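Remarks on the structure that follows.
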Amino acid sequence: MPASKPITIIGGGLAGLTLGIGLRQRGIPATVWEAGHYPRHRVCGEFISGRGHDVLARLGLLELFRQAGSVEAHTAAFYLGRAGSPARPLSAPALCLSRFAMDALLADRFRELGGELRENARGRETDFGEGIVRATGRRLQPRAEGSLWFGLKAHARHVPLAADLEMHGAQAGYVGFCRLTGGQVNVCGLFRQCAGRTDAPRHWTDVLRGQAGTPLWERLAGAVFEQNSFCSVAGLSLRPWRAAARSECCIGDALTMIPPVTGNGMSMAFEAAEMAIGPLAAYSRGESAWSEVRQSVAAACDRAFERRLAWARCLQWMMFAPLLRGWPGSVALHSRFLWRMLFACTR
Ligand SMILES: Cc1cc2nc3c(=O)[nH]c(=O)nc-3n(C[C@H](O)[C@H](O)[C@H](O)COP(=O)(O)OP(=O)(O)OC[C@H]3O[C@@H](n4cnc5c(N)ncnc54)[C@H](O)[C@@H]3O)c2cc1C
């Protein structure tokens, strides 16, 4: 039997580690290069919703998430400025788990399965080629359509919520809350700074709190933030990309980023990783060429994500549309049909 060809995955986030685990479960030699280390806090709403659940179950990871303290979310509420929707049941429960725990447990699992994980090892642009998968996360874009997008995340206590997941649209962005284990709440926001604006510097807690008098402000009025969980990220590109337009084998945010308001990015990372396992295993065993692998992973990702990305763009637009700040927003928030449709179409 000829030896299996090794697969190298550059980027040890959710997509890279999930792929590494799937390959190791099939006995394929796999190495992950991760520029950072584990555990560490990441900017993320930490709310897993959509088809990624089934991927986690198929790869035997769901039980590990439960053991690590994941909690189920059953209800969600949306707010635009001062107007809010009632708490509505989610069509399927979502899972909430801190990235601090999640990334570390995936890293441990990959190592247990015999994968080689190199921490503090950064791949260079010239490293990508045959047998190498790009799972390096978001692509840096300092300005997108005239705006700088940045994200902030921290865990807090004493945040009273009306639903397991709350999403608050504010003037400069949106902030999501979800319950984590032990009375902690994830507070995570995506913000837009328009080109040419030079706002006075503000503390990150003030950016998250938004405008006085809004439900968002009220939620955070008595919040006690865990300072060491704070993290930030800037230069996000929210433009959808087709996988077929990428010249490398890409998965996760390295392929395309879905607007965070959908709470579906992690699911897409798990799904893309799973779709890549079979073609990469076939390449490793010498049954298919690298170009075929790239094409079949790209085609599968495009089929799975195209419609979702289009609807997500629409939802992202709605979060910032001045039109929806008045009564049309109130009407939209109370429409059960719109809620169900947008939720279903973005997953
Ligand atoms: C504000 C915000 C809120 C979000 N909220 C949610 C949410 O509630 N639910 C949800 O499902 N999704 C959410 N997301 C999206 C989600 O975080 C991402 O989709 C997910 O993390 C993508 O996983 P990934 O593995 O592709 O990238 P990442 O998790 O970012 O991992 C990429 C890894 O690659 C490493 N890396 C980068 N370059 C190199 C290199 N050259 N060499 C080696 N390693 C490298 C990085 O250190 C990193 O560990 C949110 C995103 C943002 C910005």
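Only a predicted model underlies this, so the values are computations on that prediction, with no experimental measurement involved. First listed ligand is number 1; within each ligand, the first listed atom is number 1.
For E292, there are no side chain to side chain donor-acceptor pair (under 3.5 Å) partners two or more places apart in sequence or in a different chain. Under the side-chain contact (heavy atoms from CB on, under 4.5 Å) criterion, R66 pairs with L62, E63, S70, E72, sequence neighbours left out. The side-chain contact (heavy atoms from CB on, under 4.5 Å) test applied to I132 returns T8, I10, F128, not counting sequence neighbours.
For CZ of R246, the number of neighbouring non-hydrogen atoms (other residues, nucleotides, ligands) closer than 6.0 Å is greater than 12.
A distance below 6.0 Å separates the ring centres of W290 and Y283.
Contact residues of ligand 1 (protein heavy atom closer than 4.0 angstrom to a ligand atom; sorted by chain and number): I10, G11, G12, G13, L14, A15, W33, E34, A35, R40, R42, V43, C44, G45, E46, F47, R99, A121, R122, G123, A135, T136, G137, C188, G189, L236, G252, D253, M257, P260, G263, N264, G265, M266, A269.
Remark: of the listed residues Q316, H168, R192, Q316 is the sole one forming a side chain to side chain donor-acceptor pair (under 3.5 Å) with Y174.
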